[in-house]
Amino acid sequence: MAERSAVNASPLIFLSKGGLLDLLKLAGEEIIVPEAVATEIQRRGATDPTVQALEGTSWLVIVETPPVPALIQSWDLGPGESSVLAWAHAHPGTEAIVDDLAGRRCAAALGIPVRGTLGLVLTAKRRGIIPAARPVLEKLRQSGMYLSDRVLNQALALVGE
């Protein structure tokens, strides 16, 4: 496990909408939420479950977004992905929790540990925190997370389902 983790909006949104926010604790006791990500989430309105989770969860720690290095800017990512990767780049040992493929590729190119929502679910299954990954992934799909059948089946095969 990385020393700490920083999360982008989409994993927070999918996990909170699915009632699965605690899966983020697999990535660390405190999860960094850069201000740019918090702002993106807060635009959803006070009644949104992700806004409520962000405001009511002590282990989600909102931090000032560091300047985004030109190296990351060149990937033309969204502000959330850029801020998560900038935080991780500025704080070696930080794992980026990002679902966006381009963001994940950028992290890999920069040597930043990266995992997405799918990876959190697979980790939970491997550690015995959840008995089966399929129902959790189906719940996340119902919450708006896109997973092709091919990726879903490949992921389930990795955990013996």
Side-chain angles (χ1 to χ4, degrees), residues 1-69 71-73 75 77-131 133 136-137 139-140 143-145 147 155 158-159:
M1 182 188 323
E3 292 177 27
R4 65 183 79 79
S5 295
V7 67
N8 190 32
S10 60
L12 277 173
I13 292 166
F14 298 139
L15 292 168
S16 63
K17 282 175 68 177
L20 300 162
L21 192 64
D22 281 350
L23 289 184
L24 269 176
K25 287 185 172 180
L26 293 169
E29 290 184 26
E30 281 190 344
I31 305 298
I32 300 299
V33 181
E35 277 179 331
V37 172
T39 299
E40 180 181 337
I41 289 169
Q42 289 160 346
R43 284 190 196 116
R44 300 171 67 86
T47 60
D48 183 86
T50 310
V51 173
Q52 293 171 354
L54 185 59
E55 292 172 357
T57 306
S58 62
W59 47 267
L60 292 175
V61 181
I62 299 172
V63 298
E64 186 176 329
T65 301
V68 178
L71 192 60
I72 294 171
Q73 287 178 22
W75 284 78
L77 305 171
E81 290 90 358
S82 294
S83 66
V84 167
L85 295 176
W87 176 269
H89 188 261
H91 299 87
T94 300
E95 178 181 54
I97 308 294
V98 175
D99 286 335
D100 178 77
L101 182 58
R104 296 167 59 80
R105 287 181 175 157
C106 176
L110 298 176
I112 296 170
V114 65
R115 179 172 21 178
T117 305
L118 175 60
L120 289 170
V121 173
L122 298 181
T123 300
K125 166 66 169 146
R126 285 185 188 113
R127 293 187 186 171
I129 293 165
I130 57 173
V136 173
L137 292 173
K139 189 173 192 176
L140 288 167
S143 297
M145 182 174 154
L147 267 182
L158 292 173
V159 292

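Computed from a predicted model, the values in this text were never measured in an experiment.
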Got a second to check how far [X]'s [atom1] is from [Y]'s [atom2], nearest 0.5 Å?
X      : Y      : atom1 : atom2 : result
Asp22  : Ser16  : CG    : OG    : 11.5 Å
Leu137 : Lys139 : CG    : NZ    : 12.0 Å
Ile130 : Leu20  : CD1   : CG    : 8.0 Å
Ile72  : Ser83  : CD1   : OG    : 9.5 Å
Leu110 : Leu71  : CG    : CG    : 4.5 Å
Glu81  : Asp99  : CD    : CG    : 9.0 Å

Does some side-chain heavy atom of Ile62 sit less than 4.5 Å from a side-chain heavy atom of Val37? no
Hey, does Thr65 have a side-chain heavy atom less than 4.5 Å from the side chain of Trp87? no
Which pair of heavy atoms, one from [X] and one from [Y], lies closest together, and at what distance?
X      : Y      : result
Gly103 : Leu77  : N-CD2, 3.6 Å
Leu60  : Ala53  : CD1-O, 3.9 Å
Asn8   : Pro11  : O-CD, 3.3 Å
Ala107 : Val114 : CB-CB, 3.8 Å
Leu120 : Leu15  : CD1-CD1, 4.0 Å
His89  : Pro69  : ND1-CG, 3.9 Å

Candidates Thr57, Thr117, Val7 - the one meeting side chain to side chain contact (heavy atoms under 4.5 Å, CB included) with Leu24: Val7
Using side chain to side chain contact (heavy atoms under 4.5 Å, CB included) as the criterion, point out the one residue from Leu118, Leu140, Leu23 that pairs with Phe14.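 When side chain to side chain contact (heavy atoms under 4.5 Å, CB included) is applied between Phe14 and each of Leu118, Leu140, Leu23, only Leu140 qualifies.
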Per the side chain to side chain donor-acceptor pair (under 3.5 Å) rule, what does the pair list look like for residues 33-45, sequence neighbours excluded? Arg44-Asp48
Among Arg104, Arg115, Arg4, salt bridge (Lys or Arg N to Asp or Glu O under 4.0 Å) partner for Glu95: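 Result for salt bridge (Lys or Arg N to Asp or Glu O under 4.0 Å) with Glu95: Arg115.
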Apply side chain to side chain contact (heavy atoms under 4.5 Å, CB included) to Trp59 and Leu21, showing your working. CA-CA 11 Å; Trp59 47 267; Leu21 192 64; 4.0 Å; yes
CZ/Arg105: more than 12 non-hydrogen atoms of other groups inside 6.0 Å: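 No.
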